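This chain uses plain numbering: 1 for the first residue, then up along the sequence. Since the model is a prediction, treat every value here as computed from it, not as a measurement.
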Amino acid sequence: DSINTDEMLINFSPNAKTAFSITEDARYRTGTGKVSLASLSSDNIPLSINQLPLGKMGDTISLKVGATASGSYTLKMETLTGIPQLYDIWLKDAFTKDSVNLRNNDTYSFTITAADTTTYGANRFKLVLSQNPAMAYQLLSFDAEKAGNGHQAQVTWTTKNEENYTNFTVERSNDNGKTYSVIGSVASAGIGAYGLVDRHPDKGSNLYRLKQEDFNNNVTYSNPVDVSFGNNVNLTRLNLFPNPAKNNIFLSFDPKSFVKTTYDIRITNSTGMVVRFARVTDTNWHDNISNLLTGTYLLQVTDHRDNSIIGQTKFVKL
């Protein structure tokens, strides 16, 4: 209640036991307080510190609550740390047939009636951790294009709900998709946008695909994207770095001729909206993009005299 409190800790560790272990857990000891709160091990031992493994599809943990007097009380989740966003955390009340998602509301008020044993003890409350399909990993986009003055291929992708537990591997095929080889791997970090440069693509067709392994070890593949290289490797006049970028980007490009002119630089987002524009006379340019939203952008350079395209390239804003 507003005066008397008790607390307990539940900790998840991959190698922990579900049953009581004297080397992992701490038994609940009844003191002189007017309220009591413990979680139960799988062998029904009340614990003040309960360490157990978190099952891939979730878990159910029984709570034991009590009070020396009838009255109104509150359960409150003080701290939630390290539980993947994929999991909802429900507090289930068997007495009222009610439930609350503790991610959205960390407190739950209830009443104990001393004469009614169904209002307290080990059978009223359970914590249920379950995966929320709406929070499952999603691939939003996957693309690849020439970069590095036409010598390289820039692979980019955007994601949702990848957090820091999704594995990305970029693969390439040079036999029209019959076999694929690994180009590189990227660790997820919950930033929503990623990129990788293939510095040694083959001449001809290069099919790129993204291998994704989610939290449940499910493996999926993106649709392949083709980038073709001919004998003339100087297929783009732009060089943009770094890519992906967080704060500043630096651009250099080769003019079509040595006639003095001006150049228009446009950066557009995924909807085609121009979010940056600059008119320059130099073939070197830089800009701060820290206030742009995370995602993939197209940068295009045109000759202002005749509006002809000098080149274009995509980059990922982290």
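- Between the side chains of Gln312 and Gln300, at least one donor N or O sits under 3.5 Å from an acceptor N or O.
- Of the N and O atoms on the side chains of Thr179 and Asp175, at least one donor lies less than 3.5 Å from an acceptor on the other residue.
- In the model, Thr107 has no side-chain atom that pairs as donor or acceptor with a side-chain atom of Thr74 under 3.5 Å.
- Within 6.0 Å of the CG atom in Leu80, the count of heavy atoms belonging to other residues, nucleotides or ligands exceeds 12.
- Residues satisfying the ring pair (Phe, Tyr, Trp, His ring centres under 6.0 Å) test with Tyr120, not counting sequence neighbours, are none.
- Through ILVMFWY side-chain contacts below 4.5 Å, Tyr28 is grouped with nothing and stands alone.
- Checked by atom type, the side-chain pair Asn11/Gln51 shows a donor-acceptor distance below 3.5 Å.
- Pairs engaging residues 293-318 under the ring-ring contact (aromatic ring centres under 6.0 Å, His included) rule: Tyr297-Phe315 [sequence neighbours left out].
- Here Asn101 pairs with Asp88, Trp90, Arg103, Asn104 under the side chain to side chain contact (heavy atoms under 4.5 Å, CB included) rule; sequence neighbours left out.
- Taking OG1 from Thr283 and CG from Asn239, the interatomic distance works out to 11.5 Å, rounded to the nearest 0.5 Å.
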Contacts table for residues 123-131: side-chain donor-acceptor under 3.5 angstrom, sequence neighbours left out:
from, atom 1, to, atom 2, distance (Å)
Arg124, NE, Asp93, OD1, 2.9
Arg124, NE, Asp93, OD2, 3.3
Arg124, NH1, Thr111, O, 2.9
Arg124, NH1, Thr119, O, 3.1
Arg124, NH2, Asp93, OD2, 2.9
Lys126, NZ, Ser62, OG, 2.9
Gln131, OE1, Asn216, ND2, 2.9
Gln131, NE2, Lys56, O, 2.4
Gln131, NE2, Asn216, OD1, 2.7

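- Salt-bridge check for Glu171 with Arg209: passed, with a basic side-chain N closer than 4.0 Å to an acidic carboxylate O.
- Taking the ring centroids of Tyr263 and Phe253, they lie under the 6.0 Å cut-off.
- Trp285 and Val275 fall within a single hydrophobic cluster, where Ile, Leu, Val, Met, Phe, Trp and Tyr are joined by side-chain heavy atoms under 4.5 Å apart, directly or via other members.
- With sequence neighbours left out, Arg276 forms a salt bridge (Lys or Arg N to Asp or Glu O under 4.0 Å) with Asp287.
- Lys76 is linked by a salt bridge (Lys or Arg N to Asp or Glu O under 4.0 Å) to Asp106, counting only residues two or more places apart in sequence or in another chain.
- For Ser70 (side chain) and Ala114 (main-chain N/O), a donor-acceptor pair under 3.5 Å exists by modelled atom type.
- Applying the salt bridge (Lys or Arg N to Asp or Glu O under 4.0 Å) criterion to Asp198, with sequence neighbours excluded, gives Arg172.
- Proximity of the aromatic rings of Tyr194 and Phe168 is defined here by a centroid distance below 6.0 angstrom, and this criterion is met.
- Taking the salt bridge (Lys or Arg N to Asp or Glu O under 4.0 Å) definition, one finds that Asp98 meets it with nothing, sequence neighbours left out.
- Taking every heavy atom of both residues into account, Leu196 and Ser185 meet most closely at CD1-N, 4.1 Å.
- With sequence neighbours excluded, the residues forming a side chain to side chain contact (heavy atoms under 4.5 Å, CB included) with Ile45 are Phe20, Arg27, Ser41, Asp43, Leu47, listed by chain and number.
- Scored by the ring pair (Phe, Tyr, Trp, His ring centres under 6.0 Å) test, His286 finds Phe250 as partners (sequence neighbours excluded).
- For the atom pair CG (Asp59) and OG1 (Thr18), the distance works out to 8.5 Å, reported to the nearest 0.5 Å.
- Between Phe142 and Tyr221, the ring center distance fails the sub-6.0 Å criterion.
- Listed by chain and residue number, nothing satisfies the ring pair (Phe, Tyr, Trp, His ring centres under 6.0 Å) test with Tyr73 (two or more places apart in sequence, or in another chain).
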